[in-house]
Amino acid sequence: MRGGNHADASVYQCRRTWLDSWSKTLRQPYVAGFEAAGEIVATGDEVTGLQLGAPVIGVGDGAFAEYMVLPAAAAMPVPPGWTEQQALGLVVNWPTALAMLKPLGGITAGQTVLIHAAAGATGQAAVTIAKHYDATVIATASPGKHKAVRALGPDHVLDSRGGDIAAEVLRLTGGVGVDVVLEATPGATFEASLAATKRVTGRVVVHGVASGDASITTWDLVYKHQVHIIGFNAGALTRAAPQIFGDVMRELSALIAAGVLAPGRPTGYDLADGPTAVADLEARAATGKLALLP
Ligand SMILES: NC(=O)c1ccc[n+]([C@@H]2O[C@H](COP(=O)([O-])OP(=O)(O)OC[C@H]3O[C@@H](n4cnc5c(N)ncnc54)[C@H](OP(=O)(O)O)[C@@H]3O)[C@@H](O)[C@H]2O)c1
C-alpha cells in the first residue's frame with residue numbers, strides 16, 4: 001500500500017484471523033470478515049512502533065483468511081496476559097456497545113436501556129457496560145440463550161421470539177418506556193422499540209440489519225413516536241468522529257484495567273468450517289463471539 005496519510009502508509013499483516021458477525025456487508029470482490037487478531041509478520045516501510053511477532057487485534061477487510069493486511073492505526077496490542085482469541089471483540093463489539101450507550105445513547109446511572117440481541121457479542125458487551133454504569137437493563141434474546149444473558153446481570157430478560165415486547169417493557173417501566181434502545185434487529189423489533197421508548201427524551205440507536213429493513217415516516221415522528229433515532233456505524237465513527245472514537249477506546253482501556261472487561265471466550269470454528277459459523281449466525285443458533293481458527 002502507499003499513500004500520504006498514516007493509514008495508507010502503515011500496514012502490517014496478521015497471521016491468524018477470526019470471524020466476526022459483520023460478514024453480511026457485501027463488496028466486490030468480497031473477502032468476508034472484519035475483526036482479526038494475530039501476530040505481525042510484516043510491516044510497511046513507514047511503519048514505526050510495531051514489532052514483528054507482536055500480538056495485535058485490529059479491524060480491516062478480509063479477516064476470514066490466514067493473512068490479512070491492516071492499517072497500523074486500526075490495531076491495538078492484545079492486552080498483556082490475554083491470548084489473541086480472548087481479545088476478539090475488543091475493537092468491534094466492545095467499542096460499538098460503549099459508543100452506543102454513552103456518547104450516542106447518553107445513558108447515565110439510573111436510566112433504563114433496552115438491549116436487543118443481548119446474547120450476541122455486541123449485546124453481551126452492552127449488558128456488561130450498562131450494568132457497570134448502573135443503568136437498569138432490559139435484555140431480549142431467544143429463550144435458549146437466557147441463561148447466558150442472565151449471567152451478565154441484567155434486570156430483566158425478555159423473549160425475542162415471542163410475546164409483546166413493547167407491552168412488557170412498558171409494564172416494567174411503569175408505562176413511561178426506556179431511555180435508550182440498542183436496536184440490532186429492526187426488521188423484527190423496530191416497531192416495538194419505538195413504542196417502548198420514552199416520549200420526547202428517549203433515544204433509539206440502530207446498529208444492525210440482521211432481520212431485515214424497517215422504516216418510519218415523518219408523520220410517525222411528529223404524531224406517534226416522539227423519539228430520537230440515531231444511526232450507528234463503527235467505521236463511520238472512526239472516520240467522521242475520531243475524537244469520540246479515541247475517547248471510547250481510552251475508556252475501554254480503563255475498563256480493562258479495572259477488570260470490568262474480562263478476556264472473551266469466543267466459540268471457535270476451523271477456518272474450513274466458516275460456512276457453518278455463518279449458517280449458525282443466520283439461524284440464530286450462536287451465542288456470543290464466534291472465531292474462525294486458521
Ligand atoms: N453498526 C455497527 O457498527 C455494528 C457493529 C457491531 C455489530 N453490528 C451489528 O449488530 C448486530 C449484533 O451484532 P453481534 O456481533 O452481537 O451479532 P451476533 O453475535 O451475531 O448476534 C446477533 C443476534 O441477533 C438476533 N437476531 C434476531 N433476529 C435475527 C435474524 N433474523 N438473523 C440473525 N440474528 C437475529 C439473534 O439473537 P436472538 O436469537 O437471541 O434474538 C442473534 O444471536 C449484528 O446485526 C451486527 O451486524 C453493527
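Just so you know, ligand 1 is whichever comes first in the structure, and atom 1 is the first atom listed for that ligand.
Residue-level proximity to ligand 1 for T96 is carried by the side chain, the only part with a heavy atom below 4.0 angstrom. Counting heavy atoms under 4.0 Å from ligand 1, residue S160 touches it through the side chain alone. By the criterion of a heavy-atom distance under 4.0 Å, the side chain of N93, and not its backbone, is placed next to ligand 1.
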Under 3.5 Å, which donor-acceptor pairs link side chains of residues 250-266 to any protein atom two or more places apart or in another chain?
from: R250; atom 1: NH2; to: D247; atom 2: OD1; distance (Å): 2.9
from: E251; atom 1: OE2; to: K102; atom 2: NZ; distance (Å): 2.9
from: E251; atom 1: OE2; to: Y133; atom 2: OH; distance (Å): 2.5
from: S253; atom 1: OG; to: M249; atom 2: O; distance (Å): 3.2

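Atoms CD1 and CZ, from I230 and R203 in turn, are 7.5 Å apart once rounded to the nearest 0.5 Å. Atoms CG and OG, on D220 and S215 in that order, are 8.0 Å from each other to the nearest 0.5 Å. With rounding to the nearest 0.5 angstrom, the CZ atom of F190 is 9.5 Å from the CG atom of D213. To the nearest 0.5 angstrom, L290 atom CG is 12.0 Å from D273 atom CG. Rounding to the nearest 0.5 angstrom, the gap separating the CG atom in L152 from the OG1 atom in T128 is 4.5 Å.
The side chain to side chain donor-acceptor pair (under 3.5 Å) test with K198 is passed by exactly one of D179, T173, T112: D179.
An N or O contact shorter than 3.5 Å links A121 to ligand 1 by distance. Ligand 1 has no N or O atom lying under 3.5 Å from any N or O atom of G235, backbone or side chain. Considering backbone and side-chain atoms alike, A117 places every N or O at 3.5 Å or more from each N or O of ligand 1. Annotation: R284 places an N or O atom under 3.5 Å from an N or O atom of ligand 1; distance criterion only.
Near K145, with a cut-off below 4.0 Å to any heavy atom, the atoms of ligand 1 are 36 (C), 37 (O), 38 (P), 39 (O), 40 (O), 42 (C), 43 (O). Per-residue contacts place A234 under 4.0 angstrom from the following atoms of ligand 1 (heavy atoms of the residue considered): 2 (C), 3 (O). Listed by atom number, the atoms of ligand 1 under 4.0 Å from A141 heavy atoms are 40 (O). Near L281, meaning under 4.0 Å from any of its heavy atoms, are these atoms of ligand 1: 20 (O), 33 (C).
Between E191 and K224 there is a salt bridge, with a side-chain nitrogen of the basic residue lying less than 4.0 Å from a carboxylate oxygen of the acidic one.
Residue contacts with ligand 1 include A286, since one or more of its heavy atoms lies under 4.0 Å from the ligand.
A donor-acceptor pair is defined here as one N or O able to donate and one able to accept, closer than 3.5 Å; such a pair exists between the side chain of E35 and the backbone of V91.
Nearest-heavy-atom check against atom 10 (O) of ligand 1 across Q124, H207, M100 picks out H207.
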